[in-house]
Amino acid sequence: MDAGSPQAKVAPVRQGRVLAIANQKGGVGKTTTAINLATALAAVGERVLLIDSDPQGNASTGLGLTHEERDFGTYELLMGAAELHETIRSTKVPNLSIVPANVELAGAELEMMDLEHRTHRLKHAIEGRLADFDHILIDCPPSLTLLTVNAMVASDAVLVPLQCEFFALEGLSQLLRTVERVRTTLNPTLDVQGVVLTMFDKRNNLSDQVAADVRGFLGEKVYETVIPRNVRISEAPSHGVPALIYDHRAPGSTAYMALAREVIKREQALRDAAE
């Protein structure tokens, strides 16, 4: 059939899925997961954009961006002072780009309070460019702020890093309530893509207990992959590179590659179900 015929079917443009990497509790490996999952996805040929929406800017630092390279970033995107393509920076990782965070982002929440559609600023800023990427990851602040709400409104799903420690389930319950509130009021399609257990110490019985409790609570929502506590992961940010580049053979690096495969498998299953 002629491609120009009215009956010819036009293949739909594949839209990149947006995942907010979020946990209201700090120190759970959230930014580490954002950096290394993005790198692992890029390493298998996926086109990845990481949006640094944490005023601390640790994802930008961890990917080696200088302060001079952060003149346009998430703040300008949220304020409407720049288009998405003006804020994207390349990284040392092929297929991985980043929208960096600069010091201005710390004041964004107060400034957005008086703006129209303040909870949808990020969604509106990126929705026209989703087809440029296979995955868009958003590194959220470690608290429930307007920046986090913007990330969840812009996202298809939330990926939750969860530290294997005593208060993990309590913090997880708070986050799941937040996701439910956002789904009810602002983004009816928002879902939890999965929970990844981080900082797992096989020498510690508590890690096994927490893992068992979380799996009992959430079942298949918890990824099979567990991220171990690993010194190479901790060292990598000071060198401005992801752990997968700093030492690709380290246990933490191989774990993030396994997590990337799980994420891709889950995303593909969702796309297949939608067709």
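The basis for the numbers below is simple: all heavy atoms, side chains too, and nothing from hydrogens, waters or symmetry mates.
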Over all heavy atoms of both residues, which pair between Q163 and V210 is shortest? Give the atoms and the distance, please.
O-CG1, 4.3 Å

With a 4.5 Å heavy-atom cut-off, do I51 and L137 have their side chains touching?
no

Determine, using the 4.5 Å side-chain heavy-atom cutoff (strictly less than), whether L19 and L96 are members of one ILVMFWY cluster.
yes

Between F72 and I88, is there a side-chain heavy-atom distance shorter than 4.5 Å?
no

R17 and L130, any side-chain heavy atoms less than 4.5 Å apart:
no

Decide yes or no on side-chain contact (heavy atoms from CB on, under 4.5 Å) for N102 and E76, but give the supporting numbers first.
CA-CA 9 Å; N102 54 35; E76 287 73 20; 3.4 Å; yes

V103 with I98, same ILVMFWY side-chain cluster at under 4.5 Å
no

Nearest heavy atoms of R47 and D132, plus distance in Å
NH1-O, 3.1 Å

Side chains of V93 and I245 in contact at under 4.5 Å (non-hydrogen atoms)
yes

Strictly by salt bridge (Lys or Arg N to Asp or Glu O under 4.0 Å), give each pair with a member in residues 99-113 just once, sequence neighbours left out.
none

With side chains defined as the heavy atoms from C-beta onward, is the minimum distance between S97 and V48 less than 4.5 Å?
no

With rounding to the nearest 0.5 angstrom, report the OG1 to CD distance, T198 to E165.
9.0 Å

Verdict with reasoning, M152 to N187, per side-chain contact (heavy atoms from CB on, under 4.5 Å)
CA-CA 8 Å; M152 289 187 179; N187 182 1; 5.9 Å; no

I'd like to know if R70 and D52 make a salt bridge, using a cut-off of under 4.0 Å between side-chain N and carboxylate O.
no

Could you see if L147 belongs to whatever hydrophobic cluster contains L49? Use Ile, Leu, Val, Met, Phe, Trp, Tyr and a side-chain cutoff under 4.5 Å.
yes

State whether the number of non-hydrogen atoms from other residues, nucleotides or ligands found under 6.0 Å of H248 atom NE2 is greater than 12.
no

In the single-linkage hydrophobic clustering (I, L, V, M, F, W, Y; side-chain heavy atoms under 4.5 Å), do L146 and L105 co-cluster?
yes

How far does CZ of R261 sit from OH of Y256, to the nearest 0.5 angstrom?
14.5 Å

Taking every non-hydrogen atom, the tightest pair across L197 and R215
CD1-NH2, 4.0 Å

Would you mind checking if R183 and E180 are paired as a salt bridge, meaning a charged N to carboxylate O distance below 4.0 Å?
yes

So how far is it from S253 OG to I233 CD1, rounded to the nearest 0.5 Å?
6.5 Å

Side-chain heavy atoms of I227 within contact of M199, under 4.5 Å:
no

Check the pair D139, T31 against side chain to side chain donor-acceptor pair (under 3.5 Å), reporting the backbone distance first and the verdict last.
CA-CA 6 Å; D139 186 30; T31 297; 2.8 Å; yes

Does V196 belong to the same Ile/Leu/Val/Met/Phe/Trp/Tyr cluster as M257, with side-chain heavy atoms less than 4.5 Å apart forming each link?
yes

Pair R89 + E69: basic N to acidic O under 4.0 Å
no

For H239, look at atom NE2 and say whether over 12 heavy atoms of other residues, nucleotides or ligands are found less than 6.0 Å away.
yes

Where the side chain of S143 meets the backbone of T145, is there a donor-acceptor pair that is under 3.5 Å apart?
no

Residue pairs passing the salt bridge (Lys or Arg N to Asp or Glu O under 4.0 Å) test where at least one lies in residues 216-237, sequence neighbours excluded:
D191-K221, R232-E235, R232-D247

Kindly compute the distance separating CD1 (I136) from CZ (R129), expressed to the nearest 0.5 Å.
10.5 Å

Evaluate side-chain contact (heavy atoms from CB on, under 4.5 Å) for T87 paired with T74, printing each intermediate quantity in order.
CA-CA 7 Å; T87 65; T74 308; over 6 Å; no

Residues A154 and I138: closest non-hydrogen pair is CB-CD1, 4.4 Å

Non-hydrogen atoms of C140 and D54 that approach each other most closely:
O-OD2, 4.0 Å

Does a side-chain heavy-atom distance below 4.5 Å link Q174 with K25?
no

Exercise: identify the closest heavy-atom pair between L190 and S155
CD1-O, 3.8 Å

From L65 CG over to K92 NZ, what is the distance, rounded to the nearest 0.5 angstrom?
9.0 Å

Intermediate values then yes/no, side chain to side chain donor-acceptor pair (under 3.5 Å), T225 and E262:
CA-CA 8 Å; T225 302; E262 277 199 76; 2.7 Å; yes

With distance as the sole test, does Q268 use its side chain to make a donor-acceptor pair with the main-chain N or O of K265 at under 3.5 Å?
no

Nearest-0.5 Å distance, CZ of residue R177 to CZ of residue R181
7.5 Å

In sequence, state the C-alpha distance, the side-chain angles, and the governing distance for L159 and Y223, and then conclude on side-chain contact (heavy atoms from CB on, under 4.5 Å).
CA-CA 10 Å; L159 189 154; Y223 296 104; 3.4 Å; yes

Measuring only between side-chain heavy atoms, which start at C-beta, is N95 closer than 4.5 Å to E46?
no

